[in-house]
There are 2 protein chains.
Amino acid sequence: MKVIVAEDQGMLRGALSALLDLEDDIEVIGQAADGAEALEMIRTLRPDLCVMDIEMPKMSGLDVAEALQKSKDPCGVVILTTFSRSGYFQRAMRAGARGFLLKDSPVSELAAALRDVQAGRRAVSPELALTFWEAENPLTEREREVLKLAREGLSSGEIASRLFLSGGTVRNYLSEAIQKLEAKNRIDAIAAAEKNGWLD
Amino acid sequence: MKVIVAEDQGMLRGALSALLDLEDDIEVIGQAADGAEALEMIRTLRPDLCVMDIEMPKMSGLDVAEALQKSKDPCGVVILTTFSRSGYFQRAMRAGARGFLLKDSPVSELAAALRDVQAGRRAVSPELALTFWEAENPLTEREREVLKLAREGLSSGEIASRLFLSGGTVRNYLSEAIQKLEAKNRIDAIAAAEKNGWLD
DNA sequence: GGATGAAGGTGACAATTGTCATCCGGAAAA
DNA sequence: TTTTCCGGATGACAATTGTCACCTTCATCC
């Protein structure tokens with residue numbers, strides 16, 4: 001089967017490609033260093049599968065999966081990620097990903113996952129099956145937006161003018177987010193949201 | 001030459017070990033998933049070199065390098081890291097590391113670096129040579145300590161009682177840190193310090 | 001000894017942040 | 001149509017955070 005490897009960290013991308021290529025039934029026909037490049041490559045090279053990192057520049061792996069789904073591209077997606085965050089997993093499943101495994105698994109498991117997916121089965125790291133039951137993202141669009149700007153170190157006032165709101169409203173959203181996440185202040189809230197993959 | 005690979009992310013650790021082992025002159029005699037395990041392994045297996053990640057559980061790669069230096073262990077250290085942070089680089093050099101490269105380099109470069117170091121030369125990613133000239137950590141011990149607690153989402157008051165200081169003093173340290181780092185507030189300061197590897 | 005300066009420590013004050021009660025407008029239910 | 005509900009929005013208030021001018025201690029240099 002023909003696969004593409006999309007992963008921004010050069011060493012892992014190269015190592016993974018080399019090892020997968022050693023397998024008799026797998027041929028790596030392309031390597032992408034960011035999401036946009038991956039999408040482009042899938043559309044021109046038409047691989048059977050794509051091994052996709054989530055955290056990448058330009059477009060995240062999840063963005064790419066969603067784009068493929070929208071354009072009804074037949075290329076199967078196997079997500080490969082460092083973090084077992086419930087938000088990531090849920091979004092990946094909704095975006096039609098057929099495999100989801102952690103970068104902690106050995107390469108042999110990745111190869112096995114590729115074969116499973118190619119055969120029409122799903123492949124999910126056991127650690128992640130549990131994640132399925134975890135909480136949904138409790139933040140509204142607005143709250144997420146404000147929290148993301150706060151993460152960049154902006155003050156409430158700056159966030160307000162960036163979003164054309166009053167300062168009070170911004171503080172209000174932050175306050176709601178803090179309570180929903182059971183945090184003590186905005187820093188705590190940012191950490192809590194990130195841990196679950198609820199920002200981005 | 002006999003080497004050990006210390007890296008917490010399973011997939012990269014396995015892939016790297018497999019590929020290095022394919023080289024005629026390199027033999028991977030051990031793999032460690034955290035710093036403590038790496039140190040233990042170096043002392044019992046006595047490899048020529050160790051490929052060492054920085055961010056690992058229990059002991060960071062830099063902690064291990066420092067421990068080896070203190071005990072005058074002859075094992076050479078090649079640091080392998082995601083981030084080009086000046087603080088990391090400077091600390092690694094002081095700890096006697098002989099190689100320092102980014103996880104963006106291809107595996108072939110890692111193999112070349114191992115040979116260079118084994119031959120008594122240094123091996124440093126070109127991106128990092130510049131880093132040598134970058135700013136030293138401007139934060140005092142106290143400021144770093146306070147900033148690290150702030151990063152966990154603690155309020156000034158909580159930090160104060162944790163360190164047996166008055167609230168005012170803590171705010172004072174944070175204020176100094178904010179100014180030294182040219183940040184707008186504590187969140188910004190935390191981000192700036194982390195970017196340079198000045199916390200930990 | 002006395003001057004100098006660096007690092008740690010303090011409280012007063014101003015600015016920013018977090019909380020709350022409340023308001024508004026549109027969609028869904030009655 | 002009226003009612004109810006809910007997300008979005010607001011300003012008043014209190015708590016927390018950031019700044020500043022000023023002490024203290026202790027080592028260093030004349």
Side-chain angles (χ1 to χ4, degrees), chain A residues 87 90-91 94 135-200, chain B residues 87 90-91 94 135-200:
Chain A
Q90 291 170 347
R91 202 174 143 204
R94 272 196 291 273
E136 275 284 342
N137 187 342
L139 302 176
T140 66
E141 176 61 30
R142 256 338 198 186
E143 287 160 359
R144 231 175 309 138
E145 205 167 358
V146 168
L147 210 48
K148 271 157 64 179
L149 290 173
R151 178 173 54 172
E152 312 302 327
L154 299 191
S155 69
S156 302
E158 290 169 323
I159 296 172
S161 61
R162 191 87 68 100
L163 299 178
F164 307 105
L165 298 176
S166 87
T169 305
V170 170
R171 296 209 300 285
N172 201 198
Y173 282 126
L174 280 170
S175 179
E176 282 173 26
I178 289 167
Q179 297 192 329
K180 284 184 182 174
L181 298 169
E182 302 180 66
K184 285 197 295 291
N185 51 48
R186 57 177 74 189
I187 300 180
D188 212 9
I190 291 164
E194 280 189 322
K195 186 160 81 69
N196 290 296
W198 288 337
L199 297 185
D200 325 88
Chain B
Q90 291 170 347
R91 201 173 145 204
R94 273 197 290 275
E136 276 282 343
N137 187 342
L139 302 176
T140 66
E141 175 61 30
R142 253 346 197 181
E143 286 160 359
R144 230 175 310 138
E145 205 167 357
V146 168
L147 211 47
K148 272 156 62 179
L149 290 174
R151 177 171 56 170
E152 312 301 328
L154 299 191
S155 69
S156 302
E158 290 169 323
I159 296 172
S161 62
R162 191 85 70 99
L163 298 178
F164 307 105
L165 298 176
S166 88
T169 306
V170 169
R171 297 208 300 283
N172 203 199
Y173 282 127
L174 280 171
S175 180
E176 282 174 26
I178 288 167
Q179 297 192 330
K180 285 183 181 173
L181 299 169
E182 302 180 67
K184 285 197 295 290
N185 51 48
R186 56 176 75 188
I187 300 180
D188 212 9
I190 291 164
E194 280 190 323
K195 187 161 80 69
N196 289 296
W198 289 336
L199 297 185
D200 328 87

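So you know, we letter chains A, B, ... as the sequences are listed, proteins then strands, and number each from 1. In this text the structure is predicted, and so the values were computed from the model without any measurement. Every heavy atom of this structure was used, including side-chain atoms; hydrogens, water molecules and symmetry mates were not.
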Euclidean distance, atom [atom1] of residue [X] to atom [atom2] of [N] [Å, nearest integer]:
X	N	atom1	atom2	answer
A:E145	D:dA9	CD	P	10 Å
B:K184	D:dT17	NZ	P	18 Å
A:L154	C:dT17	CG	C1'	14 Å
B:I178	C:dT17	CD1	C1'	13 Å
A:I159	D:dG8	CD1	P	16 Å
A:Q179	C:dT19	CD	C1'	7 Å
B:I187	D:dT16	CD1	P	16 Å
B:F164	C:dG9	CZ	C1'	17 Å

Which nucleotide wins on minimum distance to the side chain of [X], given the candidates [options]?
X	options	result
B:R171	C:dT17, D:dA9, D:dT17	D:dT17
B:T169	C:dC20, D:dT17, C:dG9	C:dG9
A:L174	C:dG18, D:dT19, C:dT10	C:dG18
B:S156	C:dT10, C:dA21, D:dT17	D:dT17
A:R142	C:dA21, D:dG8, C:dG18	D:dG8

What heavy-atom pair brings A:A183 and A:A189 nearest, and what distance separates the two atoms? CB-N, 3.4 Å
Heavy-atom closest contact (B:L147 atom, B:A193 atom, distance): CD2-CB, 4.0 Å
Heavy atoms only, 4.0 Å cut-off, all strands: where does A:N172 land among base, sugar-phosphate and nothing? base
side-chain contact (heavy atoms from CB on, under 4.5 Å) for B:L154 and A:K184? Distances and angles first, verdict last. CA-CA 8 Å; B:L154 299 191; A:K184 285 197 295 291; 4.1 Å; yes
Between A:I187 and B:I187, is the side-chain contact (heavy atoms from CB on, under 4.5 Å) condition met? List the steps. CA-CA 7 Å; A:I187 300 180; B:I187 300 180; 3.6 Å; yes
Does this structure show an ion pair linking B:R142 with B:E145, if we count only N-O contacts that are shorter than 4.0 Å? yes
Does a side-chain N or O from B:T140 land closer than 4.0 Å to OP1 or OP2 of C:dG8, or not? yes
For C:dT10 and B:S166 - does any side-chain N or O of the residue sit under 4.0 Å from the phosphate oxygens OP1/OP2? yes
